[in-house]
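A short worksheet on the structure shown next.
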Protein chains: 2
Amino acid sequence: MGEGFAGEVLGRFVAESCWEDMPSALRHEAKRSLLNNLGCGLGVAKDPAVTSALAVMRNFSGAPVATVIGQRVKLDPMAAAFVNAIACNLLDYDDTHLATVIHPTAPVAPALLALAEQRGFSGAAVLHAFLLGGEVECRIGNAVSPGHYARGWHITSTCGTFGAAAGCAKLLGLSAEQTWHALGIAASQAAGLVENLPTAAKNVGVGNAPRNGMLAALLAEQGYKAAPAAIEGPLGFAHATGDTLDLAQITEGLGTQWEIARNTYKPYPAGIVFHAVIDACLALREEVGAAPEVIASVTVAGDALLLARGDRAVNNERDARVSIHHSAALGLVRGRAGVADFEMPAVTDPMLASFRAKVRAVLDESLPRGAATVTLRLADGRDIQRTVVYPRGSFERPMSDAELEQKFRDNAAIGGFADRSEAGIAGVWGLGEAPDVSGLMRALA
Amino acid sequence: MGEGFAGEVLGRFVAESCWEDMPSALRHEAKRSLLNNLGCGLGVAKDPAVTSALAVMRNFSGAPVATVIGQRVKLDPMAAAFVNAIACNLLDYDDTHLATVIHPTAPVAPALLALAEQRGFSGAAVLHAFLLGGEVECRIGNAVSPGHYARGWHITSTCGTFGAAAGCAKLLGLSAEQTWHALGIAASQAAGLVENLPTAAKNVGVGNAPRNGMLAALLAEQGYKAAPAAIEGPLGFAHATGDTLDLAQITEGLGTQWEIARNTYKPYPAGIVFHAVIDACLALREEVGAAPEVIASVTVAGDALLLARGDRAVNNERDARVSIHHSAALGLVRGRAGVADFEMPAVTDPMLASFRAKVRAVLDESLPRGAATVTLRLADGRDIQRTVVYPRGSFERPMSDAELEQKFRDNAAIGGFADRSEAGIAGVWGLGEAPDVSGLMRALA
């Protein structure tokens, strides 16, 4: 993509990109990302974190032209994007760019859909802007990882602001230079802290990414400018937030190697490192049958990250989503790990609680990140074992389109929108040919 | 103020504070801060940076109940606070808390005035909330200084977000615990980069401080929570943004030693370290008269910061505001240093340009920060010298109320609002007794 400041190269890339040049696999991945993301939003439409955000934003919204997922009211695009991003990411059941642990879609897509609803942009324009925004977001994320997150920055919120700015700039038809400025303005708005992840304050960072990224693009459209090196300058975003930088990752291979193509979708609403544990336990249950009483004990082996994150007591829903013990119990006792299986009735279910006590976590440094080996000691003294290196939903073993459709249906049903599922699914798959997004958004309202 | 998390102590301090307990000097300082700040906003009401921000926000504003300074239209409180903060800080002619270089009023007061206009809060409630918000802002700033700014964080924008959240929490009558959460939510919204300071992207950070600080308080009112240690936790605001921390400064002496009482106001719209240069040159002009031709050369001595910031070529308005040479030329040639004296006609004025060439900057490490010694070599061979340690407007030599009134009048006249000056001045001085802020805001519309 040539030489220049990081924002300059990205601005040119975004402004000059043509939908016609997007490989069809990439276009399809954009739809898969949206399908996965919008279903997550439908599932939590009645959650207090969503309805409280909506209650605040209703008093600070211009003309109500943008759909709020699963709600009767509409808001202006900035306010709608705020609430929708919160909803779509709320349970961390959305997507993952594993190299950065960014959830790419929630900070970007809500801004694009809302802006498109206001201004009548086509479905293809939204998909294109999403790919570009997601690409910018993940590449800046790569450049500042892992020091950025380790220092306390919630990378989905911070890098998501850039992604939303880039995507909105594309939708608005900004020039390469205006897009460069939009990215620089986004740099002065990027925020969100890991310390706040266990609380609703996390949602505010995620919601602000599309809200403020959109503002960055709108201000750049009005002539607002930013520093040329707002991203990589000595007092710019990357140095201020990161300790170990690899700035070349922002631009190397841009337009030929797509980071957003590495997006993955979760079959289970649990921390991504627990997916191998669940998969191994589901497979072992196939062997031993639905008979947890024949299992004397369970040993889960994994790398240091798995143990650091997941070897914990389970007192609430949040614990459950990042627990080795709960993950194993669900796989072996219930034979499933859906949204309801991480909610309070499951946390306090005596059968799950007593089974969790049979589970022990041990370190196995030979296992790669994200892998797990589960060993069952049966009542008759036999041991049976299963290792999963690439769990369902990983890049190497992706969820199929049909599985993503079913996840959408399941989420819609949880939110009370089962009757909308097929229209929503059809709306996403048909988005590339839709003259505008109104059909899709009607299905989500 | 007792023990606890930083946000907990601050939340209790804000929630439990009584207007009746505020010392009268502090109440008066709140009015001085407002008078100084609002005048700055009037002066730049027609600046494109302000009108562009207004143009964007008009499309993303709820019920127009809050005044935008110097504009016919109103906006919702969040949008109005965004535009007003940009205006009041635009030229950096507003106030300075020297220890942190925070401009305390712009990120805080616009949120409070707008919220008060919407909900009918009294003038005293606004003044009280301003003192508390400003105090929180400067104390958090002290705790992360100087590493925070040195790392690239525009401290007015970042710490201003906390100040606005605290002030809005007080106005809204939030409990101590809710205020603690509001501060934690603010932590996930604090952003703004030094790299962007020479551009309009700086304004976005400043405008977001009251916009997002208000949002933090409104979300806390709705039950949103944050991490207990969002400010000082290992992955919280202070550690993420600062390298050298002194966290005790957040709470030590809280309620007895007021940081906001150390606020200062600028007599000249130039970088604060140039004020001593201007003062020394004005004094020397009294001696030699309005006859720059008798001055053969000028030597300005100052500390390393003065030289690092100010020894530069002057090509535009921004250069002029941080130039030793331009500051000296104004003092000696024009005998004044007002807003117009830093604009392009002054930059390109041949008499000033040729005089700037006579000025030389030298290091004098014996001088304290903010001080300057100016030596004139006259045409007849004589040297005359003047040292200024505490310039006009410094904490040690503050602008008088009458001077602040005159600054307000001058700014109002620059903005084309000379006819509003006396109503605005009276509105600020009478704010403590006003049942609401409508009279003051009418004078500023």
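Chain letters run A, B, ... following the sequence lines, proteins first and then strands; every chain starts at 1.
Side-chain contact check for B/Thr158 versus B/Thr241: every heavy-atom pair is 4.5 Å or farther apart. Here the side chains of B/Lys202 and B/Asp92 are in contact, with some heavy-atom distance below 4.5 Å. Residues A/Leu10 and A/Thr179 form no side-chain contact, since every pair of their non-hydrogen atoms from C-beta on lies 4.5 Å or further apart.
Sparse packing is recorded around CZ of A/Arg58, with 12 or fewer heavy atoms of other residues, nucleotides or ligands lying under 6.0 Å away. Enclosure of atom CZ in A/Arg312 by more than 12 non-hydrogen atoms of other residues, nucleotides or ligands within 6.0 angstrom is indicated.
Pairing each heavy atom of B/Leu183 with each of B/Gly11, the nearest pair is CD1-N, 4.2 Å. Of all heavy-atom pairs between B/Val144 and B/Cys159, the closest is CG2-SG, 4.5 Å. Minimum interatomic distance between B/Ala53 and B/Ile86 (heavy atoms only, all atoms of both residues): CB-CD1, 3.9 Å. Across A/Ala187 and B/Leu193, no two heavy atoms sit closer than the pair O-CD1, 3.2 Å. For the residue pair B/Ala164 and B/Pro107, the shortest heavy atom distance occurs at CB-O, 3.4 Å. Nearest heavy-atom pair, A/Asn196 versus B/Ala226, reported as atom, atom and distance to 0.1 Å: OD1-CB, 3.5 Å.
In this structure, chain A has heavy atoms under 4.5 Å from both the backbone and the side chain of B/Ala49. Heavy atoms of B/Asn208 lying under 4.5 Å from chain A belong exclusively to its side chain. Within the 4.5 angstrom heavy-atom criterion, only backbone atoms of B/Ala190 (N, CA, C, O) approach chain A. In this structure, chain A has a heavy atom under 4.5 Å from the backbone of B/Ala150, while its side chain stays farther away. In this structure, the portions of A/Ser52 lying under 4.5 Å from any heavy atom of chain B include both its backbone and its side chain. Neither the backbone nor the side chain of A/Ala220 comes within contact range of chain B; no heavy atom of the residue lies under 4.5 Å from a heavy atom of that chain. Looking at A/Pro77, both its backbone and its side chain come within 4.5 Å of chain B, counting heavy atoms on both sides. Proximity to chain A (any heavy atom under 4.5 Å) is restricted, for B/Leu215, to the side chain, taken from C-beta onward.
When B/Ala200, B/Ser157, B/Ser188, B/Ala186 are compared by the number of non-hydrogen pairs under 4.5 Å with chain A, B/Ser188 comes out ahead. Among the candidates A/Pro198, A/Gly192, A/Pro228, A/Gly205, the residue making the largest number of heavy-atom pairs closer than 4.5 Å to chain B is A/Gly192. Between chain B and the options A/Ala240, A/Gly152, A/Ala227, A/Pro64, heavy-atom pairs under 4.5 Å are most frequent for A/Ala240. Between chain B and the options A/Gln189, A/Arg211, A/His239, the largest number of non-hydrogen pairs under 4.5 Å is found for A/Arg211. With respect to chain B, the highest number of heavy-atom pairs below 4.5 Å among A/Leu197, A/Thr161, A/Asn59, A/Asn212 belongs to A/Asn212. Among the candidates A/His181, A/His148, A/Lys225, A/Met57, the residue making the largest number of heavy-atom pairs closer than 4.5 Å to chain B is A/Lys225. If you tally non-hydrogen atom pairs under 4.5 Å between each of B/Ser61, B/Ala216, B/Ala63 and chain A, the highest count goes to B/Ser61. With chain A as the partner, the residue from B/Pro234, B/Ala230, B/Gly62 showing the most heavy-atom pairs under 4.5 Å is B/Gly62. Chain A forms more heavy-atom pairs under 4.5 Å with one residue of B/Trp153, B/Phe237, B/Tyr149 than with any other, namely B/Trp153.
Among B/Asn84, B/Val83, B/Val50, the single residue meeting the side-chain contact (heavy atoms from CB on, under 4.5 Å) criterion with B/Gln71 is B/Val50.
Applying a 4.5 Å heavy-atom cutoff, the residues of residues 110-121 of chain A that approach chain B are A/Gln118.
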Are A/Ile250 and A/Glu232 close enough, and set up right, to give a side chain to side chain contact (heavy atoms under 4.5 Å, CB included), and what steps lead you there?
CA-CA 10 Å; A/Ile250 296 178; A/Glu232 77 277 34; 5.6 Å; no
Run B/Arg151 and A/Asp243 through salt bridge (Lys or Arg N to Asp or Glu O under 4.0 Å) and show every step you take.
CA-CA 11 Å; B/Arg151 200 177 167 90; A/Asp243 290 314; 2.8 Å; yes
